[in-house]
Enquirer: 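Got a structure here, written out as structure tokens. Questions coming.
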Amino acid sequence: MKIAILALQGAFAEHQQMLQKLGVESFLIRNLDDWNQEKDGLIIPGGESTAMMRIIKDEELFEPVSQAIKNGLPTFGTCAGLIMLDDTHLNTMNIEAKRNAYGRQLGSFYTEDEFEGIGTIPMTFIRAPYINKVGEGVKVLSTVDGHIVAARQGKQLVTSFHPELNEDTRVHDYFVKMIAE
Ligand code: GLN
């Protein structure tokens, strides 16, 4: 199994380290040539969704990435990566994300909460979004204070928080198992 990590901007290196811990091969995507390699899954990291949108378009990656996900490429988006999959960005998932939902400056916090199918996990939020609205086919996997912070639709998985910033590898393992299903 080989997982591609979108490395246009943001916290991609941390995802690569998580996959390394799980013994899963990965490679970084910065342009179309990288993109055209064989891959079994894709991770879109946290960062800044406005910058990521600009670069994904500049690199002519917007259409191929969106199409591949719509065609079933298993994809995991964290934080800005969640925003990228919503209905106003790549539009592959029936979710509406609220950006900077916890406030711009003081919106960073740590908590532990339930994630369906895993149990209690550490959750680091950094100027995070949450999911405002879910449509058909979306399964909510976690809520914190009544707001949706993790969801799945088919082979797409999103979290508002950053599982790659903690030692706990269970969310990445969940994604790896999703690919293998
Ligand atoms: N606030 C960022 C955005 O709106 C997301 C923050 C993050 O990915 N840690 O894109």
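As the structure lists them, so they are numbered: ligands from 1, and atoms in each ligand from 1. Nothing fancy with the numbering, it's 1 onward along the sequence.
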Enquirer: Counting heavy atoms only, which part of His162 comes closer than 4.0 Å to ligand 1: side chain, backbone, both or neither?
Expert: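 Answer for His162: side chain.
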Enquirer: Under a 3.5 Å threshold, yes or no: a donor from one side chain and an acceptor from the other, between His15 and Thr78?
Expert: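 Looking only at side-chain atoms, Thr78 and His15 do form a donor-acceptor pair, the distance falling under 3.5 Å.
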Enquirer: Using a 4.0 Å heavy-atom threshold (strictly under), name the region of Arg99 that reaches ligand 1: side chain, backbone, both or neither.
Expert: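 The part of Arg99 near ligand 1 is the side chain, not the backbone.
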Enquirer: Going by the angle between their ring planes, with limits at 30° and 60°, are His172 and Phe76 parallel, tilted or perpendicular?
Expert: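 The rings of His172 and Phe76 stand perpendicular, inter-plane angle above 60°.
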Enquirer: Could you tell me whether some N/O pair between Cys79 and ligand 1 is separated by less than 3.5 angstrom?
Expert: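 By distance alone, the answer is no.
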Enquirer: Of the non-hydrogen atoms in Ala80 and Met52, which two are nearest, and what is the gap between them?
Expert: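 Closest pair (atom of Ala80, atom of Met52, distance): CB-CE, 4.1 Å.
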Enquirer: Can you confirm whether or not the ring centre of Tyr110 sits under 6.0 Å from the ring centre of Phe161?
Expert: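 No, ring centres 6.0 Å or more apart.
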Enquirer: Answer side chain, backbone, both or neither: which part of Ile83 comes under 4.0 Å from ligand 1, heavy atoms only.
Expert: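 Near ligand 1, Ile83 shows its side chain, while the N, CA, C and O stay back.
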Enquirer: Give the single entry among Ser49, Gly47, Gly46, Pro129 that approaches atom 5 (C) of ligand 1 most closely by any heavy atom.
Expert: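 Shortest heavy-atom distance from atom 5 (C) of ligand 1: Gly47.
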Enquirer: If you measure every N or O of Thr78 against every N or O of ligand 1, does any of those distances drop under 3.5 Å?
Expert: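 Between Thr78 and ligand 1, no N or O pair is found under 3.5 Å apart.
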Enquirer: So if I apply the side chain to side chain contact (heavy atoms under 4.5 Å, CB included) rule between Lys57 and each of Glu60, Arg54, Met53, which one comes out positive?
Expert: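 Considering Glu60, Arg54, Met53, a side chain to side chain contact (heavy atoms under 4.5 Å, CB included) with Lys57 is found only for Met53.
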